[in-house]
2 protein chains.
Amino acid sequence: MSGYDTVDRALLAALARDPRATVVALAERLGLSRNTVQARLARLETSGAFLSFERSIDPAPLGYPLEAYVSVHVRQRVLAEVVDEIARIPEVIQAHGITGSIDLLVRLVCRDAHDLFRIDREILAIDGVERTETSLAMGELIPYRLLPLLER
Amino acid sequence: MSGYDTVDRALLAALARDPRATVVALAERLGLSRNTVQARLARLETSGAFLSFERSIDPAPLGYPLEAYVSVHVRQRVLAEVVDEIARIPEVIQAHGITGSIDLLVRLVCRDAHDLFRIDREILAIDGVERTETSLAMGELIPYRLLPLLER
DNA sequence: AGTCCGTTGAGCATGTTGCCCAGTTTTGGG
DNA sequence: CCCAAAACTGGGCAACATGCTCAACGGACT
């Protein structure tokens, strides 16, 4: 299942470098035939190698320049319900269940600090939420990247 | 600068729903002329509305099914150096400087729990790192999304 | 030997892209 | 209120990429 061979990784790396690259361009860059690249790309696509395109849209120009992580402690029994409630908040863009003392790590974007407080209160008001801990992301010190992993 | 009008947001939403949609398809879906859509798309692109394509590549099939967040406490003076060192670890896919007691929130992927421990030790060994707190992401309870924000 | 799989080169119809232009509508400032 | 700038529209066009098919070649494995 996990089996990507060297060619697949090279293809993904080339794509990561230049997402707009045409199939023919990728083919000659990798020294492969256009047919091969097309087949492999199709296989990668259907095998689910690509995530939603939403991840590539920058929330900042939309008016949400700030990103924050909110750790949410939840009464275990009602975790599912709490998640449902949190999912209703549009500013929440992702949430992970995590190990450790914290139950939920919620990732959200907001317009400003005031906005963040509002959303935080909204989460706190949810039944089953015991405590939250909000951390404002000040800067992306290491910008999202996958190339180091692809190039190994 | 932040100014996206209704049409831009609709365009982005349509794109988020169907990333492979052709320009003509988007045009008729929005009831606009192909020329307009093409112009707006070009403007969005050059204005930096889109982030790197790497974000749309799933690390899991690459052999890294696990994701983890590591909170890193750093001696303030050497923050930059610590970030440089952490950036050398290929499994690190992102890092934010955040407010609160924690200095650095590092996001990484790994092959398994053993792998995670190894990387954690690697971070701990960096000069200037005082303490780390590792949380394994158990599941994406709310999958990454931007549509709720686009649709308002 | 025989079979399967990935690759290659070729070809072809179709659709999309990127660009041009002129005319019309909408927008915002004076 | 009017004018000018900006945005939108419809049309057209050449170049190109796509998706698909086919036959042929090599390597790996039974």
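In what follows, every chain begins at residue 1, and chains take the letters A, B, ... in the order their sequences are listed. All heavy atoms count here, side chains included; hydrogens, waters and symmetry mates do not.
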Take the protein atom [atom1] of [X] and the nucleotide atom [atom2] of [N], then report the distance between them rounded to whole Å.
X      : N       : atom1 : atom2 : value
L26(A) : dT18(D) : CG    : C1'   : 14 Å
L30(B) : dA7(D)  : CG    : P     : 17 Å
L44(B) : dA7(D)  : CG    : P     : 13 Å
E28(A) : dC16(D) : CD    : P     : 13 Å
L41(B) : dA7(D)  : CG    : P     : 15 Å
R20(A) : dT16(C) : CZ    : P     : 17 Å
D5(B)  : dA6(D)  : CG    : P     : 16 Å

* Ion pair present between R152(B) and E91(A), side-chain N to carboxylate O less than 4.0 angstrom? ->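 A salt bridge links R152(B) with E91(A).
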* To do: Decide yes or no for L12(B) and Y4(B): does some side-chain heavy atom of the first lie under 4.5 Å from some side-chain heavy atom of the second?
  =>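 Yes, close enough: below the 4.5 Å cut-off.
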* **Minimal non-hydrogen separation, G48(A) against P61(B), with atom names** =>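 The pair with the smallest heavy-atom distance is O-CG, 4.2 Å.
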* To do: Kindly give the heavy-atom pair with the smallest separation between Y144(B) and E54(A), and that separation in Å.
  =>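 Looking at all heavy atoms of both residues, the closest pair is CE2-O, 3.7 Å.
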So if I take every side-chain heavy atom of [X] and compare against [options], which nucleotide ends up nearest?
X      : options                   : value
N35(B) : dC21(C), dT21(D), dT17(C) : dC21(C)
Q38(A) : dT16(C), dG19(D), dC19(C) : dG19(D)
S33(B) : dT8(C), dT18(D), dG10(D)  : dG10(D)

* With respect to the phosphate group of dT8(C), does any side-chain polar atom (N or O) of T36(A) fall under 4.0 Å of OP1 or OP2? ->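 For dT8(C), OP1 or OP2 has a side-chain N or O of T36(A) closer than 4.0 Å.
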* dT18(D) phosphate, OP1 or OP2: any side-chain N/O from T22(A) under 4.0 angstrom? ->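 Checking dT18(D) against T22(A), a side-chain N or O does come within under 4.0 Å of OP1 or OP2.
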* Asked: Looking only at N and O atoms, is any donor in the side chain of R34(A) or the base of dG19(D) less than 3.5 Å from an acceptor on the other one?
  ->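 In this structure, the two groups form a donor-acceptor pair.
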